[in-house]
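One structure is given below, encoded as structure tokens.
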Amino acid sequence: MKILLTNDDGVRADGLAVLASRLADLGTVHVVAPDRERSCTGHAFTLHEPLRVERVAQNWYSVSGTPADCVYLGVLELCPRPDLVISGINHGYNLGADIFYSGTVAGAVEAALRGLPAIAVSMGYRAGVDFAPAAQLCHALAQATLASQLPPQTVLNVNVPGPQHASSQTGRHTFMWTRLGQRVYREHVDSRTDPRGNTYYWIGGPAEPSADPPGTDAYAIHAGIASVTPLNLDLTHGDLLLKLPTWSLAGFEAVSPPAEEPSKLDAPRAQSAMK
Ligand code: MN
């Protein structure tokens, strides 16, 4: 059994170390992780400069790239064909639309695009937080994933409550299967002036309280319960696709695709994704 780990907090992050040691009894753990903090870099891919790799310990590599770079390089070069790829444990939640910005989730998505089962795991963060509960849930999920198999092009996105969401569930081994909810941040642009008189900006505000419908990832976390959300990498809006043919585009004629055989609809899209 070969497990590849990455993260977006950097190769020296505590969450990664705790996860690596907890999973050691499942097989050989390989770590390929960014050489520095790469949080909120999304699915950035380094195509216009070289990637440098430093072996920091046996089966541990530090890469001068993003989480998506690390998984690509890990899967194809440093740790070929792992059985499972896990990204985390991120220092902080990845709930709702966070998944579009998260380097942690992108690491798992890159693995799913390469046709591998993939899990992203995040935990509410405070200095000195104990990542053991997230590592324990990840251990159980890794076993279940290997036993039950995930459909292609899917990722499990896991969030575990941190000390800021302590509840009656804290310390119990509870979790919820969830759908993506919403994470609301204050919209904020901070405009400042540098010592030379030029304007510069800081963007993004803090998380704000939100009304979370039951069944969502944010609902579970705010109730102090771990959340596991299955993500489908096919973002096509199926319902809308059926309704759009009622639109007319001035000067254009809609052409229908030829009928496709069902088996082809499930074919992996790894190749087309790599253009
Ligand atoms: Mn991070």
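We count ligands from 1, going down the list as the structure has it; atoms in each ligand are counted the same way. Throughout, residue positions are numbered sequentially from 1 according to the sequence presented. Quick caveat, the model's predicted, so the values are computed rather than measured.
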Any N/O/S atom, side chain or main chain, of [X] closer to the Mn ion (ligand 1) than 2.8 Å?
X	result
Asp8	yes
Ser102	no
Asn7	no

To the nearest 10°, what's the angle at the Mn ion (ligand 1) between atoms OD1 (Asn90) and OD1 (Asp9)?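 For OD1 of Asn90 and OD1 of Asp9, the angle centred on the Mn ion (ligand 1) reads 100°.
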
So, do Tyr61 and His30 have ring centers that fall under 6.0 Å from each other?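 Centroid separation for Tyr61 and His30: 6.0 Å or greater.
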
Using modelled atom types and a 3.5 Å cut-off, is there a donor and acceptor pairing between side-chain atoms of Asp83 and backbone atoms of Lys2?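 The answer is yes, because a donor-acceptor pair under 3.5 Å joins these two groups.
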
Does Val105 offer a backbone N or O that forms a donor-acceptor pair with the side chain of Ser102 under 3.5 Å?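 Yes; judged by distance alone, with no hydrogens or angles, the pair exists.
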
Considering residues, nucleotides and ligands other than Gln136, do more than 12 of their heavy atoms fall under 6.0 Å from its CD?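 Enclosed: over 12 neighbouring heavy atoms sit under 6.0 Å from CD of Gln136.
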
